[in-house]
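Each remark here refers to the structure printed beneath this line.
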Amino acid sequence: MSAVWSVVRAAVRRRRFQTLAIALVVLFSSATAVAALALLAASSEPFDRVFAEQRSAHVTVTFDAALASDADVAATAGLEGVSAAAGPFGQIATVLELPGEHGVQLPVTIAGRDDPGGPVDRVDLREGRWAEAPGEIVLSSAFADQGSSASPFQVGTDLTASDGTGFTVVGFASSFGRTAGAWVTADQMAAMGPTATQMLYRLTEHETDADIDEALAAITAAVPADAFTGAQSYLALKEDVSAELGIFLVLLTVFGILGLAVAVLIVANVVGGAVVSGLRHIGILKALGFTPRQVVLVYLAMVSLPALAGAAIGTVLGHLLATGVMADTFRDAGLGSPTVSPWADAAAFAGMPLLVVLAALAPALRAHRLSAAEAISAGGAPRSGRGLRVQRRLSGTPLPRSVSLGLGLPFARPGRTALTAAAVVLGVTTATFTAGLAAFATEVDAMIQRHEAAEVEVLGGPGGPAAESGTALGDRETEALLAGMEDVSNVTANLRMPVSALGFAKTPTLWFIRGDSSDMGFDEQLVDGRWLGAPGEAVVSSKLVHQNGVEPGDEITLELDGRTATVSVVGVVMGSGTGTVYTDWGILTGLAPDVEGLGQPIVYEVALESGTDPAAFLAAVEDEGLFGQTTRQSDATGIAVVALATAFALMLGAVAALGVFNTVALDARERRRDLAMLKSIGMTPRQVEAMMVTSMAALGVIGGLAGIGLGVLAHRQVMRLAAAASQIDMPDSLLRTWNAPLLVLLALAGLAIAVAGAYLPARRAARLTIAEALRSE
Amino acid sequence: MRPPRARPYVDGMNDATDPPPVLVELDRLRKEYGDTTALDDVSLTIRRGEALAVMGPSGSGKSTMLNMIAGLDRPTSGTVTVDGKEIGGLDETGRSLFRRRTISMIFQFFNLLDDLTVLDNVALAAQLAGARAPQARKRALDLLDELGIADRRDLYPATLSGGERQRAAVARALVNRPALLLADEPTGALDSQAGEQVMDLLIDLNQIGQTLLIVTHDPNLAVRCAGRIVEFADGRIVGERTLERAS
Ligand SMILES: Nc1ncnc2c1ncn2[C@@H]1O[C@H](COP(=O)(O)OP(=O)(O)OP(=O)(O)O)[C@@H](O)[C@H]1O
Ligand SMILES: [Mg+2]
């Protein structure tokens, strides 16, 4: 055993470059693996995970504070079937306003709550602290516009509620169950005279709607008649959340799988290469009298030592990286902050060295079977039939000899070349996928927000912010005002409100549109049929196609306060993941002759003359006392996912480059004598470099092209899956986000990976001292 | 073997009266590897057309001197001048270019590229020096023909005998018509018959004007091939004799 040990020590020390390569590759791979596993784990059931983390309520019930006393409500906690409850918390709906600046108004539900923790709905305090004294308020982090100092709401901001109460923001928090938009202390709430009482329940039976309904019936029966005013079931929330996140979860899963695949490939390549390049050494050991078992041991130990070191550091780095990146991404996506499970760490730390041993085992066992003489002669540069034929053909080409020699090198070791190429392919696939994703995220945003067509939206009408502050213009006046403003090319008014549709399980949101909507960007979203043309027509979002089987040609009967109207479906648009029906204003006036009486806000979508600066126009709108905003809003989740994807693409690119690095380092090592001989007959260092880099460049180009193909395909498939997961259809144009410059850039990514990986070992090879290399062995 | 037909590598024939010009000049050449002094103030002159044999015990510095002349390694001190050029002043690339034009080497273990055919191995050296593939192959084929192994041109080195491999290596060394041919124990790995053939080849080359420097342990080779023998011990020249060579 001590002989084995001393040979291992000597080998590790003498092959410093290879030892370093193994350690580095395993380091990167374990880091990638931890991140990938953590992503997979965190993405698999995010709703359940965060739901459990925050102990969110299965059902949130509001009671009329005038009809049910706190004691009545508190008593419901003891009902059978309730496993835990929080509350009662006083609740009011109000509008928070930033003093001094007109326009910024925040309609919210405020709950009075002394403690963000407790048995149910453990609110996640993101910034600042919880409200402790009257006059302090904690806002939902949805209003904080994460990380942006541009948000008007910051810790320290002063706000006024509609009743005149002044508040200072002391923190931002997020309730996964969306129980309130802001929180104050219970005393403060009592002082404001809450109109409603909120009670949060966790239930023992909660699998189905029926379970929830049963619990609600018991709760309703336990309080005075009519005190029950509303309830929110977690099942509805779950459906919403999965629709919003479906797309991103699919993406994250894909990255996780890609990351693992690249890590595994590279490790197999590096370790297999190390053993093959050691065959000669193995032969000599055997000739010395080492038993086959000892030889296998030597080789396993030789690769395991650096692998263990690399895995240890890599796991720690990966853990830190994944924690940082995931925390941001998931928080921004409203998914709490998942931790990297120790399971992912353990799997990467144990798994990578295990993989190394497995990868080493196959060639080591082959070495085990080889006779000493065979092994010694197998140690040199390999001779495979195809490789020889290729070299022969290349030597006759008019290419510079260093280039043609380099082009032939990959054929000498087809196995190693294939593994390296696979790594490059996956690296480029990831880059392509990421680029597609980024392009997709911007395009989809533009499409859904329609901010190319309708740059600005102005809120008005009886339910608008101006109405609350008493400065309201009437609906038609607002429209006329806007239409008369400079640089305006078109204005449509639309009122959006839920209206029941006969036979629909869930109430869809209706958009009643007045004015010419033909150029407001809806047509780009069409996935079927056409956009609204004549009165009485309707277009539905694709979600309704999936949920209710609505198709062009169908009719939908709408019902509002006893009146009905029928619309005929002429088209389907992608939509943003909600069930939406778009129809004309005439239908609304048929359903509700007194539109103003509905008390709903009206959104005026404004298309500007081309070349107009929306910001300048907004300022003009505000000068008119109206509240406007641009439709170009940054999508935090999209940005976070693209950032994550970019980080992943860079990491996988680096790992792929490391694979190339290793291949060239091994080739150079095996061909030391050949390189020295080439230099001795007059090959310049530059030519040697060119030869070694060329050997990988071709592979980079081919890998790049294959990677682009795969990336585009993967992107398409994943987008389809993601769309299916969120139950929406996409127009095909959204999947054709590729353009020539982008593709050329991506093709260069393969070359870049190959050249970056090959450069250092190629330089090293070019600098080799001829006399010494020719002396060796 | 057949005698060479053409004499493309003649560099300058001896004139009966004037001594031929100097090709290699070593001036107090010194090389240390850590504590080992491989070359200890060696000074030596080689003239064009000369055949010089270097002999001496193992580890006495013979290969080291050869490497210095070929510019494969750098001296600790002293100068090497080949064909009027002080090669200590050249960088790596300069040395490569210098070698292409001026110097070729053959080794004990041939050092042919295993994945190129014999023909491509020889043509490679010409291509590196700038010849286009067809010309390089033509020149290589001519040489293989002269050296009597043209029929082996499409085989790979691994399938050749040692003697054949060494002749391929010689062909590769000659393809750029070097001023100086360095041979480090060219017969060391060959049996006596193959060794003889290579020896004859070297003699023939020298007779048509090729300057030769042969390192060898084999006194027979030295006496038969060389006009002058230099004796090394412990990194120094300890003896030198000029031979009357039979033609
Ligand atoms: N690269 C090197 N590193 C360290 N020592 C070296 C190196 N090259 C040569 N030496 C040492 O220099 C001395 C001379 O070596 P050299 O190879 O020139 O001997 P040689 O005369 O050619 O021997 P042989 O007849 O065995 O080939 C030896 O002691 C050798 O160990
Ligand atoms: Mg020697």
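So that the names make sense, note that chain A is the first sequence line, chain B the second, and so on, each numbered from 1. Quick note: numbers below take in every heavy atom, side chains included, and nothing from hydrogens, waters or symmetry partners.
At a 4.5 Å heavy-atom cutoff, the contact between A/Leu678 and chain B is made by backbone and side-chain atoms alike. Heavy atoms of B/Asp154 lying under 4.5 Å from chain A belong to its backbone as well as its side chain. Heavy-atom distances place the side chain of A/Met677, and not its backbone, under 4.5 Å from chain B. Only the side chain of B/Arg172 comes within contact range of chain A, with at least one heavy atom under 4.5 Å from a heavy atom of that chain.
For residues 120-128 of chain B, heavy-atom neighbours of chain A at less than 4.5 Å comprise B/Asp120, B/Leu124, B/Ala125, B/Gln127, B/Leu128, sorted by residue number. The contact list for residues 70-90 of chain B toward chain A, using heavy atoms and a distance under 4.5 Å, reads B/Leu72, B/Asp73 by residue number. Taking 4.5 Å as the heavy-atom cut-off, the residues of residues 98-107 of chain B that approach chain A are B/Arg99, B/Arg100, B/Phe107, ordered by number. Contact residues of residues 753-761 of chain A toward chain B are absent (heavy-atom distance under 4.5 Å).
With a 6.0 Å radius and a threshold of 12 heavy atoms from other residues, nucleotides or ligands, A/Arg764 has its CZ atom at or below the threshold. By the 6.0 Å contact criterion, CG on B/Asp151 is enclosed, its count of non-hydrogen atoms from other residues, nucleotides or ligands being greater than 12.
Put simply, the side chain of B/Ser96 gets close to the backbone of A/Met683: a donor and an acceptor are under 3.5 Å apart.
Contact of the B/Asn111 side chain with the A/Asp674 side chain is not registered, since no non-hydrogen atoms from C-beta on lie closer than 4.5 Å.
Using a 4.0 Å cut-off between a side-chain N of Lys or Arg and a carboxylate O of Asp or Glu, B/Glu92 and A/Lys679 qualify as a salt bridge.
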For the pair B/Asn176 and A/Ile681, evaluate side chain to side chain contact (heavy atoms under 4.5 Å, CB included) and give the outcome as yes or no after the intermediate values. CA-CA 10 Å; B/Asn176 288 327; A/Ile681 63 171; over 6 Å; no

